[in-house]
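Worth knowing before you read on, the calculation uses all heavy atoms, side chains too, and leaves out hydrogens, waters and symmetry mates. Per chain, numbering begins at 1; letters A, B, ... match sequence-line order.
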Amino acid sequence: MHDPIVTMKDVSYAYENKHALNKINFTISQGSFIGLVGPNGGGKTTLIKLLLGILKPQHGSIELFGVPMNKFKHWNKIGFVSQKANAFNLGFPASVQEVVSMGLTAKVGYLKFFTKEHRQKIEKAVAQVGMSEYLHENIGDLSGGQQQRIFIARALVSDPELLILDEPTVGVDAENVKKFYDLLHQLNNDSGITLLLVTHDIGTMTHHATDIVCLNKHLHFHGNPSEFSSLSDKDLSHFYGHPLNLVTHNH
Amino acid sequence: MIANFFEYEFLRNTFYTGLLIGLIAPLLGTFIVVRRLSLIADALSHVTLAGIAFGLLLEKKYILGGVITPFYAGMGFSVIGSVFIERLRSVYKAYQELAIPIILSGGVGLSVIFISLANGFNTDLYNYLFGSVSAVSRSDLYSIIVITVIVITVIFLFYKELFMLSFDEEHAVVSGIHAKRIHFLFIVLTALVIAASIRIVGVLLVSALMTLPVAASIRIAKGFKQTIVLSIIFGEISVIIGLISGYYFEIPPGGTIVVTSILILLLSISIKKLKFNLSRKKAIQ
Ligand SMILES: Nc1ncnc2c1ncn2[C@@H]1O[C@H](COP(=O)(O)OP(=O)(O)O)[C@@H](O)[C@H]1O
Ligand SMILES: [Mg+2]
C-alpha cells in the first residue's frame, strides 16, 4: 500500500485511573478503508480522540501525515463525523448550508469571510452526499439518516484526506445504512479519501473495508477482511470477552 | 403622542436607546438561547443591580459619585460578574449551572447591602428594577451607542466562529478554534448588553428582551441568520410599542415591552400551528 498517514507508536491512555488503551501500535495507510470494531468500552472513541488531539496520550507518540502530533497544523486534512446525537445542537434553526459551512470556518480563518467560492464548495459537498434539494432546510427537520449525510458533507467540504467517523449509523434505518455505505465506498474509491470508520456492523465491513482493526484496550487484530473472516470463533470471543455471532453478507 | 418623543430631549434619548437595545439584545440573545445560557443573562443582570446600587451609594454619600455613575458601576460589576461565572463554570465542570445561583444570589446580596447603606429604596432604584422612559441621559445614550458599535463589530468579525461554537463545541475545538477565548469574549459582550439595556427594561426584565424575541423567531425561522433577523424585528417591535404605551399609560416600559414580546411569542406559536393545520388539510385532499 501507500505511505502511512497516521502512525501510533506504543500509545497508552488512561482516564484518571482507568486504563482505556494499552500500548497501541497502529498505522493507517493512504487510500485504505479501515473498519474499527470492538466491544463497547473497548477504547474506540478514545483512540479517535487521541488522533484528533482532543486527548493527549500519557505514553507513546502519534504522527499525522509524517508530522509529530504537537507540531501538526493542517487539521483541515482530517474530517471528523462524531456520534451526532451527543455533539450537535439540533433543536435550534440552522440551515443545511449553514451547518456545512462550519467545515470551512477554521480553514477560512479568523477575521475573514466566506466568499462565493466557499459557497460553491459548500453546495458541491451537499450535492456529493445527495442532499442538494435540502440546502435551505433546517437540519432539525431532516431524518436521522439525512442529518448524518449533512455531517459527512460538513467533514468533506474542507477536502480532507482522512475522514474519521465514529459510529455514524447508530439510529439510522437499514435502508439508509446501505446507502450510507455506498456513499463511503464511493468516497474511498472515486475520491481516494482514506476512511477510518468505527462500527458494530462487522458483517458489512468485511464487504467494504480494506482493513479491519479489533480494539479492546489492546489492539488484537489488524488485517484484511479475508484474514479477519478466517479467525476462529475462539479468537473473536477472546477479545470481545464473549462469544460473537458473526453475520457476513458475502453470499 | 409619538410627537412627544421627539419634542422632549429625555424622551428622544430613551427612544434612541430603545432602538439600539432592541437591536443588540435579541442579536446577542440568539446566541445566548442556542447555547442554553439564558439563565446566565439573568444572573448577570442581578450582578449589574449590585453595581447600580453601589453607584447610587457613591452618588449619595461620596463625592466620587460624579465620576462613577450608577450606569458605569453597573457595567463594571456586570463584566466582573461575567468573569466570575466563567471561573465558576470551570471549577464546577460537572455542575456548570451551579455558577448561576451563586452569582445571582451574590448579586442580590450585595445589592441589599449597598441599598441599605444608602438608606433604603427610592424611586431611582424602582426605575432600575422595572425600567423607565425618562431615565436616559445624553451621556448614557452616548455610552450605549459605543456599546452597540462594539457588540455589532465583534459579532460581525467573529460570526462564523461564534456560530460554530454555539452549535457544536466539540467540532469547533477539533478544528482548532480558540473556543475558550471566543466564549469569554462572548460573555463580556453579554455583560455589556445587559448594562446597556437596564435603563429601559430594568434589571428584572432584561433577560426577557434577550430571550423572548428569540423564542418567537425559532418557531418560524429557516436557518440561523433568519432567526437573528426575525429576533431583531420582534425585539424592535416590542421596544417601540412598549415604550410608547408605557409612556402613555405611565407604566414602567419594562412591563409593557415584555408583555408585547409575549404577545408576539403567542402569535408566532399560533401561526406555526395554523400553517401546520393548513398543510395537513392540503395533504389530506
Ligand atoms: N471521559 C471519560 N472519563 C472516564 N472514563 C472514560 C471517559 N470516556 C471513556 N471512558 C472509559 O474509557 C473506556 C473506553 O471508552 P470509549 O473509548 O468510549 O470506548 P468505545 O468507544 O470503544 O465504546 C471505557 O471503559 C469508558 O468507560
Ligand atoms: Mg464510542
Could you tell me whether [X] atom [atom1] has more than 12 heavy atoms of other residues or ligands within 6.0 Å of it?
{"X": "A/Phe114", "atom1": "CZ", "value": "yes"}
{"X": "A/Glu117", "atom1": "CD", "value": "no"}
{"X": "A/Lys9", "atom1": "NZ", "value": "no"}
{"X": "B/Tyr95", "atom1": "OH", "value": "no"}
{"X": "A/Lys107", "atom1": "NZ", "value": "yes"}

Self-check item: Electrostatic pair A/Arg154:B/Asp168 at N-O distance under 4.0 angstrom
Solution: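 A salt bridge is present here (some side-chain N lies under 4.0 Å from a carboxylate O).
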Quiz item: Distance-only, no hydrogens or angles: does the B/Lys160 side chain make a donor-acceptor pair with backbone N or O of A/Ser101 under 3.5 Å?
Solution: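 The answer is no, because no donor-acceptor pair under 3.5 Å joins these two groups.
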Quiz prompt | Exam field: side chain B/Glu161 to backbone A/Thr105, donor-acceptor pair closer than 3.5 Å | solution =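 Flag not set: sc B/Glu161 to bb A/Thr105 has no pair under 3.5 Å.
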Quiz item: Pick from A/Pro93, A/Ala155, A/Ala106, A/Ser95: which one has the most heavy-atom pairs with chain B under 4.5 Å?
Solution: A/Pro93
Engaged part of [X] at the chain A interface, taking heavy atoms whose separation is under 4.5 Å:
{"X": "B/Ser175", "answer": "both"}
{"X": "B/Ile220", "answer": "neither"}
{"X": "B/Phe158", "answer": "side chain"}
{"X": "B/Val33", "answer": "both"}
{"X": "B/Ser166", "answer": "backbone"}
{"X": "B/Val174", "answer": "both"}

Exercise. Rounded to the nearest 0.5 Å, what's the gap from CE on A/Met102 to CZ on B/Phe167? Could you check?
Key: 6.0 Å
Quiz item: With only heavy atoms counted, which part of A/Leu111 is less than 4.5 Å from chain B, the side chain, the backbone, both or neither?
Solution: both
Quiz item: Most heavy-atom pairs under 4.5 angstrom with chain A, which of B/Ile218, B/Val34, B/Ile177?
Solution: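 When all of B/Ile218, B/Val34, B/Ile177 are compared, B/Val34 has the most.
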Quiz item: Does the side chain of A/Phe113 reach to within under 4.5 Å of the side chain of B/Tyr159, using non-hydrogen atoms?
Solution: no
Practice problem: Would you sort out whether A/Phe92 and B/Thr30 count as a side-chain contact (heavy atoms from CB on, under 4.5 Å), showing the intermediate values? | Solution: CA-CA 10 Å; A/Phe92 206 89; B/Thr30 312; 3.9 Å; yes
Exercise. Mind running side-chain contact (heavy atoms from CB on, under 4.5 Å) on B/Lys222 and A/Glu137 for me, showing each step along the way?
Key: CA-CA 7 Å; B/Lys222 275 226 158 72; A/Glu137 295 297 316; 3.4 Å; yes
Quiz item: When you look at B/Glu170 and A/Phe80, which way does the side-chain contact (heavy atoms from CB on, under 4.5 Å) test go after all the steps?
Solution: CA-CA 10 Å; B/Glu170 183 185 66; A/Phe80 172 51; 3.7 Å; yes
Quiz item: Looking at A/Tyr110 versus B/His178, is the centre-to-centre ring distance below 6.0 Å?
Solution: yes
Self-check item: Under 3.5 Å side-chain donor-acceptor pair for A/Asn89 and B/Arg36
Solution: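 There is such a pair between these side chains.
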